[in-house]
Amino acid sequence: MALLRSLSAQRTTINLVKSGSCSSPTAASAVAAQRTHHHQHQRRNLHVATPSSLSPNLKHHLHHHLHLNRHHQLIWSLLIQQRNVHSPSGPNQQVTQADVSTVGRKQQQHPASSSASSPQRDPLDVSFNDPIAAFKSKTTWELVRAYLVYMICSSEKLVEHNMTLLKLARSLLGGRLFVMLMKSTFYGHFVAGENRHTIVPTLERLRSFGVKPILDYSVEEDITQEEAEKREVESSVSSAGDNKEEGAMPQYHVDKSFADRRYKVSSARTYFYLNEATCERNMETFIKCLEAVSGATFGTGITAIKLTALGRPQLLLQLSEVIMRTRKYMEDFVGGQGNVLTHHKTIKDLEKYYASVGDNKDVQEFLKNVTSDKEGILHLFPWSGIVDENSQLSDTFRVPDPQTGQMRRLISQIPPKEEEMFRNMIRRLNTIVKTAAELDVRIMIDAEQTYFQPAISRITLEMMRKYNKDKAIVFNTYQCYLRESFREVGTDLEQAKRQNFYFGAKLVRGAYMEQERARAQALGYPDPVNPNYEATTDMYHRTLSECLRRIKLMKDCGDDARKIGIMVASHNEDTVRFAIQQMKEIGISPEDKVICFGQLLGMCDYITFPLGQAGYSAYKYIPYGPVEEVLPYLSRRAQENKGVLKKIQKEKRLLMAEIRRRLIRGQLFYKPKGNYVPI
């Protein structure tokens, strides 16, 4: 047994070193060391041990150990189970457990691989009805806990008052007992751990079952509605006042009735601006997430961030309004709707439009700064300068009046202090993305409300242009419940093609539907949301199909298909099935690494784990943070699960089936040991 332990330890080390996908652990450590010169406080560098050479004796036993025939492995497993003995960690344990779990099930009768070069792969049941595949990464206690959590989430009254009940439990039990209770229930199910060190075992277990992490430090402020409204109103209006000039668009101005952006939102976190120092701390938190992901995932991990955490929301509102007013300006020029580049108008066309005022120096200077290529105009404004340099927003966003040549301002005058705040926001984002590129970790910039989104998407695309030159580091998020999603994705794909950068997109259904509808109705602008659930599903599938169509075109032309990377972030199994079927039909394999799938930790394990174990690129969104500081996150998870009762019923059914199976087979003390390597 001592010999087997030695073999298992060495085998685990070999797997860790060989399975790094994009950069060596040594390189990641070196980059992390370099980061210490860029920050005022030190961070812990993560190192990976390299394997020592195997002795001839160990090599002989390893060869024999890895070539035991299937029959002997099964007998050995049953003997161990009968004696309630657990073998030490190692690849053979995964084989025995998988064999015992799958007796009589042809679909699961595939032995673990004998080397890291040919990792274990299981067939995929696209009906997602296999409890073994769904929960082989869980202990029996974790299954019981999950079932209990879903039982509570099925009670509308408990969920409706969950935050009140949590606070009551905290006051009755005291801090210590309350933390123990939460770790045994909701926190333990939905959250990976309290800090970047305690989450490592969770990340390692996910990896061993073919699943990669999207890391998120999920501490949220628990502030009152009054405080939220006060902060939002103060930070969404310029110190010069909210001057609604001619042509102003009401949706891009704050309204106190909707100032608490948490209103009717259960599946997304909300940041409320307090001051610049808070934004600096948020930046540091995101960087710590990057370092944690890099150290534990060997270049396959992702960190999610929100732009509203990095700056004053007023600036995003004003930028969004500029972008939408520019589109209206272009409509007057060419007719029709859509982004500037979709019209394929050239600089010469624009010169003709300004023919009567062509001698005006301001007009000539404006034309000089227009971004274009051989296919036409890309942008009216020099966005690359805005995100790279110290441009003044007030001076940049001006267009000529075609009749008089006088420059019209599309953005109200921004005071110097707020100009500096904008530059600070861009600096923070640049710092985060640069760090991600150095550490070989990807960044997903979350979508937010439609009144922020034009600015968020524009800035994100510019970050792609700047950093996605050799691979997709930066990903944008597209909410498919919006009527314009298909057009927006198509336009951004076109920009990536014409400006030659890698395009990354996360497709989601969306988090703000009820709030968006209510706000549009109250402020009197068109409802931006699709009319019903079916229309949203159709929008999602159309958008995904367009991305896949373009990937296939690139493959057929011999181009790098990885220039387009898509995450299907959905808990809807029909959408996941649709994506898999589309991949098969157009000849895209998981090994192409252009499509990945993502779900939240603690939700829809019956989708994520079978995908990862079948060789698809699968992710779990991993929240972490101190127990008492993630209560708002846990409250939202309970609310979200209440709204997807059908999914809960299926998850409960599969959980009970697996618990019952383990009881019957005497596997109550099952220890998960995976031998899968993420794609």
Side-chain angles (χ1 to χ4, degrees), residues 4 7-21 51 62-74 76-77 80-81 86-126 128 130-139 201-213 296-298 300 580 589-593 596-597 605-620 658 661 667 670-679:
L4 288 178
L7 287 167
S8 297
Q10 294 193 52
R11 175 63 186 277
T12 301
T13 309
I14 291 168
N15 282 347
L16 283 171
V17 173
K18 285 190 175 181
S19 59
S21 61
L62 179 61
H63 179 82
H64 177 72
H65 175 65
L66 295 177
H67 289 81
L68 287 173
N69 66 56
R70 185 176 179 79
H71 181 65
H72 288 167
Q73 291 175 9
L74 183 58
W76 185 49
S77 300
I80 289 174
Q81 301 255 342
H86 299 286
S87 73
S89 63
N92 203 51
Q93 174 67 4
Q94 168 62 21
V95 176
T96 61
Q97 289 167 343
D99 285 338
V100 173
S101 299
T102 56
V103 172
R105 298 169 61 91
K106 290 183 180 180
Q107 182 183 8
Q108 296 293 331
Q109 290 180 351
H110 286 254
S113 81
S114 59
S115 70
S117 61
S118 55
Q120 181 173 349
R121 292 285 181 261
D122 294 343
L124 178 64
D125 173 15
V126 292
F128 298 108
D130 186 349
I132 298 175
F135 304 120
K136 66 168 70 174
S137 65
K138 308 288 186 187
T139 65
T202 299
L203 300 187
E204 289 178 345
R205 198 200 305 184
L206 285 173
R207 181 177 175 79
S208 73
F209 284 93
V211 176
K212 298 169 283 189
T297 62
F298 309 101
T300 62
I580 292 168
S589 70
E591 288 74 21
D592 289 327
K593 297 182 181 180
C596 58
F597 300 86
D605 287 350
Y606 63 89
I607 294 176
T608 316
F609 285 96
L611 285 171
Q613 289 153 193
Y616 287 87
S617 183
Y619 284 85
K620 277 292 190 189
E658 178 62 5
R661 189 192 66 81
Q667 293 181 322
Y670 167 82
K671 285 187 178 180
K673 292 291 178 184
N675 190 39
Y676 302 87
V677 177
I679 192 74

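What's counted below: heavy atoms across the whole structure, side chains too, no hydrogens, waters or symmetry copies.
- For the atom pair CD (Gln613) and CD1 (Ile132), the distance works out to 11.0 Å, reported to the nearest 0.5 Å.
- Counting heavy atoms from C-beta outward, Lys136 and Asp122 have side chains that approach closer than 4.5 Å.
- Closest approach of Asp130 and Asp125 over heavy atoms only: N-OD2, 3.7 Å.
- Legend: residues meeting side chain to side chain donor-acceptor pair (under 3.5 Å) with Tyr616, ordered by chain and number and at least two apart, are absent.
- Taking all atoms of both residues into account, the shortest heavy-atom contact from Ala614 to Pro123 is CB-C, 4.5 Å.
- Leu206 is not listed as a side-chain neighbour of Lys212, based on a closest heavy-atom distance of 4.5 Å or more.
- In this model, no donor atom of one side chain and acceptor atom of the other lie less than 3.5 Å apart for Lys673 and Ser208.
- Between Pro131 and Arg661, the closest side-chain pair of non-hydrogen atoms is not below 4.5 Å.
- In this structure, Gly615 and Ile679 approach most closely via the heavy-atom pair O-CB, 3.6 Å.
- Note on Arg207 versus Glu204: no salt bridge recorded, every NZ/NE/NH1/NH2 to OD/OE distance being 4.0 Å or above.
- The side-chain contact (heavy atoms from CB on, under 4.5 Å) search around Ser137 returns Phe209, Phe609, not counting sequence neighbours.
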Test side chain to side chain contact (heavy atoms under 4.5 Å, CB included) on Thr608 and Phe597; report intermediate values, then the result. CA-CA 8 Å; Thr608 316; Phe597 300 86; over 6 Å; no

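- Under the 4.5 Å side-chain criterion, counting only non-hydrogen atoms from C-beta, Tyr670 is not in contact with Glu658.
- The heavy-atom pair separating Tyr619 from Val211 by the smallest distance is C-CG1, 4.0 Å.
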